[in-house]
Amino acid sequence: MTSPPAIADDDLSDVIVGIQIQVRRLGWSVEQVHQFIADNFHSKRRSQLTDDELLCLLYRLRTDTLSEAKN
């Protein structure tokens, strides 16, 4: 059985830029970002996240934080 293809480098760069944009939009400090990642990804740092986890991080920054803002 083969593993699924990894995210293309260009796509991964877009994900990382998207994460940076969301963090800036939220006005978060580096510590707040580290805490959010640790809370949502089993105490990992961003550099330890897999490609799939980076996608999930971007999704969570876009959706979870939007729902918090509405409350």
Side-chain angles (χ1 to χ4, degrees):
M1 182 173 244
T2 61
S3 56
I7 298 172
D9 287 342
D10 289 345
D11 292 338
L12 188 55
S13 294
D14 290 344
V15 170
I16 292 170
V17 168
I19 290 168
Q20 292 169 340
I21 290 168
Q22 293 303 313
V23 168
R24 262 189 253 121
R25 178 185 62 81
L26 293 164
W28 284 2
S29 68
V30 172
E31 185 55 41
Q32 287 173 297
V33 175
H34 289 173
Q35 191 61 53
F36 184 83
I37 293 171
D39 290 347
N40 289 279
F41 295 93
H42 310 290
S43 299
K44 289 185 177 181
R45 305 281 301 215
R46 195 191 88 180
S47 62
Q48 298 171 314
L49 297 178
T50 65
D51 293 355
D52 287 341
E53 288 172 326
L54 286 170
L55 279 172
C56 287
L57 172 59
L58 178 56
Y59 177 79
R60 286 187 178 175
L61 286 170
R62 286 181 176 166
T63 59
D64 290 357
T65 55
L66 284 176
S67 64
E68 287 176 11
K70 290 179 183 178
N71 291 334

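Computed from a predicted structure; not experimentally measured.
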> Is Y59 linked to L12 within one hydrophobic cluster, defined over Ile, Leu, Val, Met, Phe, Trp and Tyr using a side-chain heavy-atom separation of less than 4.5 Å?
Replying inline: no
> Do you reckon L61 sits in the same ILVMFWY cluster as I16, going by side-chain contacts under 4.5 Å, direct or chained?
Replying inline: yes
> Can you check side-chain contact (heavy atoms from CB on, under 4.5 Å) on Q22 and W28, steps first, answer last?
Replying inline: CA-CA 9 Å; Q22 293 303 313; W28 284 2; over 6 Å; no
> Can you tell me how far the OG atom of S47 sits from the CD1 atom of I37, to the nearest 0.5 Å?
Replying inline: 9.0 Å
>> Looking at Q35 and Q32, would you say the former's side chain and the latter's main chain have a donor-acceptor pair under 3.5 Å?
In response: no
>> Go through it in stages, so that I can follow the logic: the residues are R46 and V33, the test is side-chain contact (heavy atoms from CB on, under 4.5 Å), and I'd like the CA-CA distance, side-chain angles, deciding distance and then a yes or no.
In response: CA-CA 9 Å; R46 195 191 88 180; V33 175; over 6 Å; no
> Should L49 and L57 be marked as a side-chain contact (heavy atoms from CB on, under 4.5 Å) after you check the CA-CA gap, both sets of side-chain angles, and the distance that decides it?
Replying inline: CA-CA 9 Å; L49 297 178; L57 172 59; 4.0 Å; yes
> Who pairs with Q48 by side chain to side chain contact (heavy atoms under 4.5 Å, CB included), at least two apart in sequence or on another chain?
Replying inline: K44, R45
> Hey, mind stepping through V23 and F36 against side-chain contact (heavy atoms from CB on, under 4.5 Å) and telling me if it holds?
Replying inline: CA-CA 11 Å; V23 168; F36 184 83; over 6 Å; no
> For S43, what residues pass the side chain to side chain donor-acceptor pair (under 3.5 Å) criterion, not counting sequence neighbours?
Replying inline: none
>> Let me confirm one number: the CG-CG distance from L54 to D14, rounded to the nearest 0.5 Å.
In response: 12.5 Å
>> Return the CD1 to CZ distance between I19 and R60, rounded to the nearest 0.5 Å.
In response: 12.0 Å
